[in-house]
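Input: a single structure, listed below in structure tokens.
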There are 2 protein chains.
Amino acid sequence: MTLDFSRDKPIYSQLVDRICGDILKDKLLLGDRLPSVREYAVETGVNVNTVQRVYKELEAMNITETKRGQGTFITTSEARITALREEMKNQLAQNFLTSIEALGFSKEEMLVVLQKKS
Amino acid sequence: MTLDFSRDKPIYSQLVDRICGDILKDKLLLGDRLPSVREYAVETGVNVNTVQRVYKELEAMNITETKRGQGTFITTSEARITALREEMKNQLAQNFLTSIEALGFSKEEMLVVLQKKS
DNA sequence: AATAGTGTACTAGTTAGATAGTACACTATT
DNA sequence: AATAGTGTACTATCTAACTAGTACACTATT
């Protein structure tokens, strides 16, 4: 794999987003086991410590559970995932609106652009 | 003033965005003079070097012109500003769509959320 | 019991962004 | 000529994120 990361955001944060995305896209299912920190570090071309930070964040968000000696697993709580989906959708929309506001565009003109772009 | 900055993006970058926003919102007009680096540093509660970085970026984007000993001025090119507006609008839309894609949402469901919010 | 594979916890070093301070070159005003 | 206000260019220091390496505790398998 060896991903390429944006420079304007911490890598651990981008990896958290990536995993959340995989969950929301059902590439990762309830109860699935994530790769070990060492495996995932190799896969993504990142240091073990960075992956550890990622798993820590995910656990703090209550979307994974880690079992010492066994691995890190996606939560089995359907409700938590549903809530996550709503949270992220709202966050995304809110950030977008904030940016629009900051740059002095109107929501309407941005919607027009979005329609065109695919 | 003394702004509060987001931690997930360089301050100089946030200030560039801010000034671009002020231009697009006609708070800053063609030919207007920006505060001196020292003034703006005090206003925003930031170091002089950071402001210098901001003005350097703006000049590299061709939206300001600096005259040594006189100050930094918004370009007098109407065309450049118009182009800037389109660039930023497109960039914003593109980033939004990329995030949507990464998190596995559809454009349509996000548009629904956007309609509701604001 | 031994081993391999987990997560976890350290210490140390690197880099980019930001801060702090100083100095210099240019321009306009007095 | 003197002065004040510009942008510009340094050097030095600090912090967060990342990298690098090592060690330890727990679990499952053999």
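So you know, we letter chains A, B, ... as the sequences are listed, proteins then strands, and number each from 1. Side chains included, hydrogens not; waters and symmetry mates left out as well; all remaining heavy atoms used.
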Quick one: look up who [N] pairs with, Watson-Crick or G-U, both distances under 3.5 Å, and put none if it's unpaired.
| N | result |
| --- | --- |
| dT30(D) | dA1(C) |
| dA25(D) | dT6(C) |
| dT19(C) | dA12(D) |

5' priority, DNA chain D, between Pro10(A) and Arg68(A) [closest heavy atom]
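Its nucleotide being nearer the 5' end, the pick is Pro10(A).
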OP1 or OP2 of [N] under 4.0 Å from side-chain N/O of [X]:
| X | N | answer |
| --- | --- | --- |
| Ser36(A) | dG5(C) | no |
| Thr66(A) | dT6(C) | no |
| Thr72(A) | dG7(C) | yes |
| Arg33(B) | dT6(D) | yes |
| Gln70(A) | dA28(D) | yes |

Pairing of [X] and [Y] as salt bridge, 4.0 angstrom limit:
| X | Y | answer |
| --- | --- | --- |
| Glu59(A) | Lys56(A) | no |
| Arg80(B) | Glu65(B) | no |
| Glu109(B) | Arg85(A) | no |

Where do Ser77(A) and Leu30(A) come nearest, in terms of heavy atoms and distance?
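Result for this residue pair: O-CD2, 4.4 Å.
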Using only modelled atom types and a 3.5 angstrom limit, is any donor from either the side chain of Arg38(A) or the base of dG7(C) paired with an acceptor on the other?
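Yes.
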In whole angstroms, how far is the [atom2] atom of [N] from the [atom1] atom of [X]?
| X | N | atom1 | atom2 | answer |
| --- | --- | --- | --- | --- |
| Asn47(B) | dA20(C) | CG | C1' | 6 Å |
| Asp8(B) | dA16(C) | CG | C1' | 16 Å |
| Phe73(A) | dT27(D) | CZ | C1' | 11 Å |
| Tyr40(A) | dT19(D) | OH | P | 14 Å |
| Asn49(B) | dT11(D) | CG | C1' | 11 Å |
| Tyr55(A) | dA9(C) | OH | C1' | 18 Å |
| Lys67(B) | dT8(D) | NZ | C1' | 18 Å |
| Glu39(B) | dG7(D) | CD | C1' | 13 Å |

Val48(B) near the nucleic acid: base, sugar-phosphate alone, or nothing, with a heavy-atom cut-off under 4.0 Å?
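No contact at all - Val48(B) keeps every heavy atom at 4.0 Å or more from the nucleic acid.
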Given dG7(D), dT8(C), dT19(C), identify the nucleotide with an atom nearest to the side chain of Val37(B).
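Within the option list, the nearest is dG7(D).
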Asn90(A) and Gln94(A) side chains, donor-acceptor separation under 3.5 Å
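Checked: Gln94(A)/Asn90(A) side chains show no N/O donor-acceptor pair below 3.5 Å.
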